[in-house]
There are 2 protein chains.
Amino acid sequence: MMERQAGVALWRQIADRMRLAINNGDFDETGMMPPETVLAARFGVNRHTVRSALASLAEEDIVQPMQGIGTRILRSRHLRFPIGRRTRLSQGLGAQARELEGLLLEAACEAAPQAVTDALTLAPGTACVRLETVHSADGRPVSRSTSFFPASRFAGIDAAYRRSGSITAALRAFGVSDYLRKSTEISAVHAEGDDMQRLRLSPGAIVLTATAVNTDLADVPVQYARTRFPADRIKLTVEPES
Amino acid sequence: MMERQAGVALWRQIADRMRLAINNGDFDETGMMPPETVLAARFGVNRHTVRSALASLAEEDIVQPMQGIGTRILRSRHLRFPIGRRTRLSQGLGAQARELEGLLLEAACEAAPQAVTDALTLAPGTACVRLETVHSADGRPVSRSTSFFPASRFAGIDAAYRRSGSITAALRAFGVSDYLRKSTEISAVHAEGDDMQRLRLSPGAIVLTATAVNTDLADVPVQYARTRFPADRIKLTVEPES
DNA sequence: TTCGGTTGTCTAGATTAATAGACATCTAGG
DNA sequence: CCTAGATGTCTATTAATCTAGACAACCGAA
C-alpha cells in the first residue's frame with residue numbers, strides 16, 4: 001500500500017494523500033475525517049503514524065482535531081488561476097475569494113540574471129527593477145512572485161506599485177495602457193527556503209512555478225515574472241481566448 | 001541549510017536539489033558532479049548521506065558513478081510541451097527528441113466517472129472508451145495519459161488507435177477531421193503507484209498533471225484526457241495563438 | 001448516569017536514517 | 001611506477017521513525 005524505505009516518512013506520504021483526498025472532496029458528506037483507527041487500517045499503518053500525518057495537516061490549518069468528537073475538515077477546494085493572453089494576477093482569482101490582498105516584500109534595482117535579460121531581449125547585465133510580492137486570498141497565501149522590469153524605462157515602478165498595489169496600475173503610470181502575455185512556462189518543484197515560509201508550506205510540499213513574459217501593445221517586453229503557487233491550493237487553467 | 005525532522009530524508013532532499021541543479025545546467029562546464037566530499041561539505045552533511053542521494057540519481061539514470069574518476073552527468077535539459085488551442089500529444093515534443101514512441105497499455109469500455117461525464121456534457125454514468133497510454137522520448141517515458149471518449153460515437157476507437165498510434169488519426173477514422181482544445185487544468189502532485197512505475201520515477205517525485213477537454217469543430221466535446229508528466233523532465237509552455 | 005466511540009498521552013521496543021572513521025579500489029597523470 | 005584524488009565498502013554509534021499496547025480525557029446519546 002504505502003512505500004517504505006523511500007526517503008519519505010510514512011506519515012508524510014499519508015499526509016499528502018489525505019490532503020489530496022480532502023481537496024478532492026472525498027469527505028464532503030460529513031465534513032469530518034474518518035476516525036484515526038479507520039485511517040490506520042485503511043493505510044495499513046499504526047494509529048500513531050496516522051496521528052503524525054493529521055498533526056501535520058492541523059499545522060497547515062487544513063483539519064482541526066476535536067477530542068471526543070473527531071477531526072473536522074476546515075478548508076477544501078482549489079482556487080483556479082486562469083492563464084491566457086490577458087492574465088492579471090489579482091483579477092484571475094476574482095470572485096473565488098472574499099478578500100484578496102497583495103503585499104510588496106522587497107524592491108531593488110540591480111543587474112538582472114541572464115535568464116531575465118534573454119527573455120526581455122536586453123543586453124546581458126542590464127539593470128532591472130525587481131519586485132518581490134505575495135498575494136493572499138482570505139488570509140491564506142496563494143502566490144509568491146518575483147518580477148523584473150527594465151530599469152531604463154520603469155525606474156521607480158516600485159513606488160507606483162506601492163501606491164496602487166497593482167502591476168496593471170503601476171505599468172499604466174509608465175504609459176503602458178495595456179499589456180499582453182507573450183509566453184508562460186510551467187513547472188513544479190518542492191518548496192524551499194523563503195517560499196516555504198511565505199506560502200506557509202511544510203517541507204516536501206509542491207509549488208507550481210509559472211515563468212511569464214509580458215509585452216506592451218507594440219510587442220516590446222515590459223515584464224519578466226516568476227510566480228510560485230502552492231499546488232495544494234491552486235490549479236492553473238489554460239482557456240482559449242474569447 | 002537542510003531541514004531535518006521534516007518527514008523527508010536528508011538524502012532525498014539533497015537528491016532533489018541536485019537533480020534541479022543538473023537540469024538547471026549548473027555543472028555543464030565539466031559534465032561531472034563535484035566530488036562527494038565537496039558536496040558533503042556544501043550541504044553540511046556526511047559523505048554517506050550524499051552517496052545515498054547520488055545512488056538515487058544513478059537509479060534514475062541521471063548520473064553515472066565511475067570509480068577513480070568521478071560522477072558523470074548523463075542527461076539534462078527539460079523538454080518543452082506546448083499547450084494551446086491545437087495541442088497534440090505527439091507533435092508537441094516534435095524535434096526535441098530523436099525518437100518518439102507511443103504505447104497503448106490498456107483499453108476498456110465502461111461507465112465514466114462523474115468528472116468525465118461533467119466535462120464532456122454527458123449524462124452521469126454514460127459509457128466511455130478509456131485508453132491508457134505512455135509516451136517515451138529517446139527511450140525515456142515522458143507522459144502517461146488516461147483518455148475518455150463517448151462510447152456511443154467512438155466505439156472501437158481503441159482499435160483505430162492501436163493501428164495508427166495516434167489520437168489524431170484515430171479520431172479522423174471516426175469522422176473528426178480536426179479538433180481543438182477547449183480547456184486545460186494544470187496541477188502537480190507526488191507520483192504514486194502505477195505512474196511511478198510507468199514513468200520510472202522514485203517516490204516523492206513530482207508529476208505535472210494536465211486535465212484537458214477537446215472538442216470537434218462543431219464545439220462538441222470528443223475527448224477528456226488526464227496526462228501526467230514527470231516534472232523533472234518536462235516543462236509545460238502556454239503560447240499565444242498564431 | 002452510563003456507555004460507546006473518539007482524540008490525547010505515555011512507555012517500550014524494533015526498524016530505518018544519519019554520522020563518523022578507516023581503508024580498499026580504481027584512474028589519470030607526473 | 002607512484003601518487004593524488006576520486007569512488008566503493010565495511011563497522012560502529014547515535015538519532016529519528018514506526019510499531020505495539022495500555023489507558024486517560026472528552027463528547028454525545030441512550
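Convention: sequence-line order gives letters A, B, ...; per-chain numbering from 1.
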Rounded distance (Å) that lies between atom [atom2] of [N] and atom [atom1] of [X]:
X	N	atom1	atom2	value
Ile69(B)	dG29(C)	CD1	C1'	12 Å
Arg72(A)	dT6(C)	CZ	P	18 Å
Trp11(B)	dA16(D)	CH2	P	18 Å
Gln13(A)	dT16(C)	CD	P	14 Å
Met32(A)	dC27(D)	CE	C1'	11 Å

Review point. Do Ser145(A) and Arg228(A) have side-chain atoms, one donor and one acceptor, less than 3.5 Å apart?
Key: no
Exercise for review: Please tell me if the side chains of Val8(A) and Arg12(B) come closer than 4.5 Å, counting only heavy atoms from C-beta onward.
Suggested key: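 Val8(A) vs Arg12(B): side chains touch.
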Review point. Using a heavy-atom distance cut-off of less than 4.0 Å, which residues of residues 46-67 of chain B contact DNA chain D?
Key: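 Nucleic-acid contacts, sorted: Arg47(B), His48(B), Arg51(B), Pro65(B), Met66(B), Gln67(B).
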Can we say [X] and [Y] salt-bridge, meaning some charged N sits less than 4.0 Å from an Asp/Glu carboxylate O?
X	Y	result
Glu60(A)	Arg200(A)	no
Asp195(B)	Arg198(B)	no
Arg140(A)	Asp61(A)	yes

Point to revise | Options dT19(D), dA28(C), dT19(C), nucleotide nearest the side-chain atoms of Leu10(B) | key: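 The nucleotide sitting nearest to the side chain is dT19(C).
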Review point. How is Thr71(A) classified with respect to the nucleic acid when contacts are heavy atoms under 4.0 Å: base, sugar-phosphate, or nothing?
Key: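 Touches sugar-phosphate only.
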Point to revise | Passing option when Arg144(B) is tested against Asp194(B), Thr133(B), Thr209(B) for side-chain hydrogen bond (donor to acceptor under 3.5 Å, both in side chains) | key: Asp194(B)
